[in-house]
Amino acid sequence: MLIRSACSVSESEVTPHEVYLNRRQWMAVGAALGVSGSTWAATLAAQRSPLSTTETMNTRTEVTSYNNFYEFGYDKTDPAAHAHTLKTDGWRVEVMGHVEKPMVFSMADLLKLAPLEERIYRLRCVEGWSMVIPWIGFPLSALLKKVQPTSQGKFLEFSSLADETMMPGVRRGLLDWPYREGLRIDEAMHPLTILAVGLYGSTLPNQNGAPVRLVVPWKYGFKSAKSIVRIELIEKARQTSWMKAGPNEYGYFANVNPDVPHPRWSQASERRIGELLKRKTLPFNGYAEQVAGLYRGLDLKRFF
Ligand SMILES: Nc1nc2c(c(=O)[nH]1)N[C@H]1C(S)=C(S)[C@@H](COP(=O)(O)O)O[C@H]1N2
Ligand SMILES: [Mo]
């Protein structure tokens, strides 16, 4: 049995908001990603999406020092300590399988798909903690529109980089590598689902999944694969790395659900990093209004 839990829903702030960096800083960000200044200039108008939560954000230090990234070790502090060995220059993301137009995207190609937005989302880890993170990204649907899934492209499989020369956790075999995750096509097309390339107005720190990672805010954090190198459109869902690691503990959907306990702990509440008292976990992490319809008729206790 699995679980899911949620944080809280909130009304969006519609006021446009300029991301924090000045032009010179954005140019430096672009150079770090190997993207031309003009591509980044186009992102200067990046605004806060109305799909953002208005809850208080976690600090940049919290967001970048308490992480799960098993390729760099088990402990929450391992990614910040060890992910500096990850090299992201010349990064490519291959999109293939049941698509009309298989493509290999550079970071510059990805940034041309859609304007970048700031999306402040709750992230609820299956371990019982949560954070509020200001991501910079764009809807995954923009990439899918480009490659055009065929009628057989019913699910997506995401693969993270698995390079043992840069990733000590891969050498140690902590999971079945590469880290693999999956979404149903309608989940992938949902406007809340983004590919993130930054946070707090800057490119993604390595420990948060540089240079590009998935963010699916109504699902447990483990669904949001980091440092993605491949997206395959497939006809039947495949087992994910976490399903292989614990078939009774981690389901394919992994929707946050306070009513479905993890076999070893409740998912009814969560600790927001930086707070002492626990909060109630909300169904679909507080995004039920937007996403519950995707699962109409599905027994979420069985399909956790
Ligand atoms: N490739 C990869 N992606 C991953 C993980 C991982 O170990 N490897 N951990 C997941 C888990 S369990 C969580 S909670 C989130 C954490 O994201 P954050 O560290 O940016 O907050 O990343 C997810 N993505
Ligand atoms: Mo997690």
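All of these numbers come straight from a predicted model, not from anything done at the bench.
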Quiz item: If you measure from CD1 on Ile231 to CG on Leu140, what distance do you get to the nearest 0.5 Å?
Solution: 6.0 Å
Exercise. For Tyr121 and Leu51, work out which heavy atoms get closest and say how close.
Key: CE2-O, 3.8 Å
Practice problem: May I ask you to say whether Glu181 pairs ionically with Lys226, meaning some side-chain N is under 4.0 Å from a carboxylate O? | Solution: no
Exercise. Report yes or no: does Asn58 contribute a side-chain atom to a donor-acceptor pair with the main-chain N or O of Val132 at less than 3.5 Å?
Key: yes
Exercise. Answer yes or no: are there more than 12 heavy-atom neighbours, outside Lys244 itself, under 6.0 Å from its atom NZ?
Key: yes
Self-check item: Minimum-distance pair of heavy atoms, taken over all atoms of Gln267 and Val126
Solution: NE2-O, 2.9 Å
Practice problem: Assess whether side-chain contact (heavy atoms from CB on, under 4.5 Å) is satisfied between Leu110 and Leu143, documenting all intermediate values. | Solution: CA-CA 8 Å; Leu110 287 181; Leu143 179 145; 3.7 Å; yes
Quiz item: So, do Lys280 and Pro258 sit near enough that their side-chain heavy atoms are less than 4.5 Å apart?
Solution: no
Practice problem: Kindly indicate whether the side chain of Phe138, heavy atoms from C-beta on, has any atom under 4.5 Å from the side chain of Ile194. | Solution: no
Quiz item: Is it true that a side-chain atom of Glu249 and a backbone atom of Gly246 form a donor plus acceptor pair closer than 3.5 Å?
Solution: no
Quiz prompt | Expected output: side-chain Thr64 to main-chain Arg60 donor-acceptor under 3.5 Å | solution = yes
Self-check item: Evaluation steps, side chain to side chain donor-acceptor pair (under 3.5 Å), between Arg180 and Gln239
Solution: CA-CA 8 Å; Arg180 287 200 196 84; Gln239 291 240 306; over 6 Å; no
Practice problem: Answer yes or no: is there a side-chain heavy-atom contact under 4.5 Å between Gln152 and Leu233? | Solution: no
Exercise. For Trp129 and Glu127, work out which heavy atoms get closest and say how close.
Key: NE1-OE1, 2.8 Å
Self-check item: Arg279 bridged to Glu55 by N-O distance under 4.0 Å
Solution: yes
Quiz item: Is the backbone N or O of Asp163 less than 3.5 Å from a side-chain atom of Trp177, with the two atoms forming a donor-acceptor pair by type?
Solution: no
Exercise. Could you go through the side-chain contact (heavy atoms from CB on, under 4.5 Å) check for Leu192 and Tyr287 one step at a time?
Key: CA-CA 9 Å; Leu192 285 173; Tyr287 299 94; 3.8 Å; yes
Quiz item: Under the 3.5 angstrom rule, does the side chain of Ser269 hit a backbone N or O of Lys278 as a donor-acceptor pair?
Solution: no
Quiz item: Considering only heavy atoms from C-beta outward, does the side chain of Ile234 approach that of Lys154 to under 4.5 Å?
Solution: no
Quiz item: What are the two closest heavy atoms between Thr88 and Pro211, and how far apart are they?
Solution: CG2-CD, 3.8 Å
Quiz prompt | Nearest-0.5 Å distance, OG1 of residue Thr203 to CE of residue Met107 | solution = 9.0 Å
Practice problem: Please assess Ile136 against Leu199 for the test side-chain contact (heavy atoms from CB on, under 4.5 Å), listing each intermediate value before the final yes or no. | Solution: CA-CA 5 Å; Ile136 305 275; Leu199 58 78; 5.7 Å; no
Practice problem: Could you check Asn67, Leu86, Asn68, Thr77 and say which one makes a side chain to side chain contact (heavy atoms under 4.5 Å, CB included) with Gln207? | Solution: Asn67
Exercise. Answer yes or no: is there a side-chain heavy-atom contact under 4.5 Å between Phe158 and Arg213?
Key: no
Quiz prompt | Side-chain donor/acceptor of Thr240 to backbone N/O of Gly182, under 3.5 Å | solution = no
Practice problem: To the nearest 0.5 Å, tell me how far Phe304 CZ sits from Asn248 CG. | Solution: 7.0 Å
Practice problem: Decide whether Met96 and Leu214 are clustered together by the hydrophobic rule: side chain heavy atoms of Ile, Leu, Val, Met, Phe, Trp, Tyr closer than 4.5 Å, transitively. | Solution: no
Quiz item: With under 30° as parallel and over 60° as perpendicular, where do the rings of Phe284 and Tyr295 fit, or are they tilted in between?
Solution: parallel
Self-check item: Validation row: Thr54, Ile120 side chains within 4.5 angstrom (heavy atoms)
Solution: no
Quiz item: If you measure from the Lys or Arg side-chain nitrogens to the Asp or Glu carboxylate oxygens, is any gap between Glu157 and Arg238 under 4.0 Å?
Solution: yes
Quiz item: Is it true that Asp299 and Lys301 have a side-chain N and a carboxylate O under 4.0 angstrom from each other?
Solution: no
Self-check item: side chain to side chain donor-acceptor pair (under 3.5 Å) assessment of Trp242 paired with Tyr179
Solution: CA-CA 8 Å; Trp242 282 108; Tyr179 191 98; 2.9 Å; yes
Quiz item: For Lys76, does the NZ atom have more than 12 heavy-atom neighbours from other residues, nucleotides or ligands under 6.0 Å away?
Solution: yes
Practice problem: Heavy atoms only: give me the nearest Arg184-Leu294 pair and the separation to one decimal. | Solution: NH2-O, 2.7 Å
Quiz item: Within the distance-only criterion (no hydrogens, no angle test), does the side chain of Asn208 pair as donor or acceptor with the backbone N or O of Val63 below 3.5 angstrom?
Solution: yes
Exercise. Classify the ring geometry between Tyr70 and Tyr74 as parallel (under 30°), tilted (30 to 60°) or perpendicular (over 60°).
Key: perpendicular
Exercise. State the CD-CZ distance between Glu164 and Arg172, to the nearest 0.5 angstrom.
Key: 13.5 Å
Quiz prompt | Joint hydrophobic cluster, Val104 plus Leu113, side-chain heavy atoms closer than 4.5 Å | solution = no
Quiz item: Is any side-chain heavy atom of Trp135 closer than 4.5 Å to a side-chain heavy atom of Leu123?
Solution: yes
Exercise. Would you check if the side chain of Lys223 reaches a backbone N or O of Tyr252 as a donor-acceptor pair within less than 3.5 Å?
Key: yes
Self-check item: side chain to side chain donor-acceptor pair (under 3.5 Å) between His98 and Glu235, worked out
Solution: CA-CA 8 Å; His98 291 299; Glu235 195 164 10; 4.5 Å; no
Quiz prompt | Intermediate values then yes/no, side-chain contact (heavy atoms from CB on, under 4.5 Å), Met189 and Leu144 | solution = CA-CA 8 Å; Met189 289 293 293; Leu144 290 169; 3.6 Å; yes
Quiz item: What distance separates Lys145 NZ from Lys101 NZ, expressed to the nearest 0.5 Å?
Solution: 14.5 Å
Exercise. Decide yes or no for Met166 and Lys87: does some side-chain heavy atom of the first lie under 4.5 Å from some side-chain heavy atom of the second?
Key: yes
Quiz item: Is there a side chain to side chain donor-acceptor pair (under 3.5 Å) between Arg119 and Ser52 once you walk through the steps?
Solution: CA-CA 5 Å; Arg119 289 279 183 99; Ser52 296; 5.9 Å; no
Practice problem: Begin with the C-alpha distance, continue with both residues' side-chain angles, and end with the deciding distance and a verdict on ring-ring contact (aromatic ring centres under 6.0 Å, His included) for Tyr250 and Phe222. | Solution: CA-CA 9 Å; Tyr250 309 103; Phe222 67 85; 5.4 Å; yes
Exercise. State whether Arg124 and Glu270 are salt-bridged, where the test is any N-O pair (Lys NZ or Arg NE/NH1/NH2 against Asp/Glu carboxylate O) under 4.0 Å.
Key: yes
Quiz item: Out of curiosity, Ile273 CD1 to Ser65 OG, how far, rounded to the nearest 0.5 Å?
Solution: 9.5 Å
Self-check item: Trp91 versus Ile228, closest heavy-atom pair with distance
Solution: NE1-O, 2.8 Å
Quiz item: Under 3.5 Å, is there a donor-acceptor pair between the side chain of Ser227 and the main chain of Ala210?
Solution: yes
Exercise. Given ring-ring contact (aromatic ring centres under 6.0 Å, His included), test His82 with Phe69 step by step and report yes or no.
Key: CA-CA 10 Å; His82 303 302; Phe69 200 167; over 10 Å; no
Practice problem: Verify, without hydrogens or angle tests, whether Arg92 (side chain) and Arg230 (backbone) share a donor-acceptor contact under 3.5 angstrom. | Solution: no
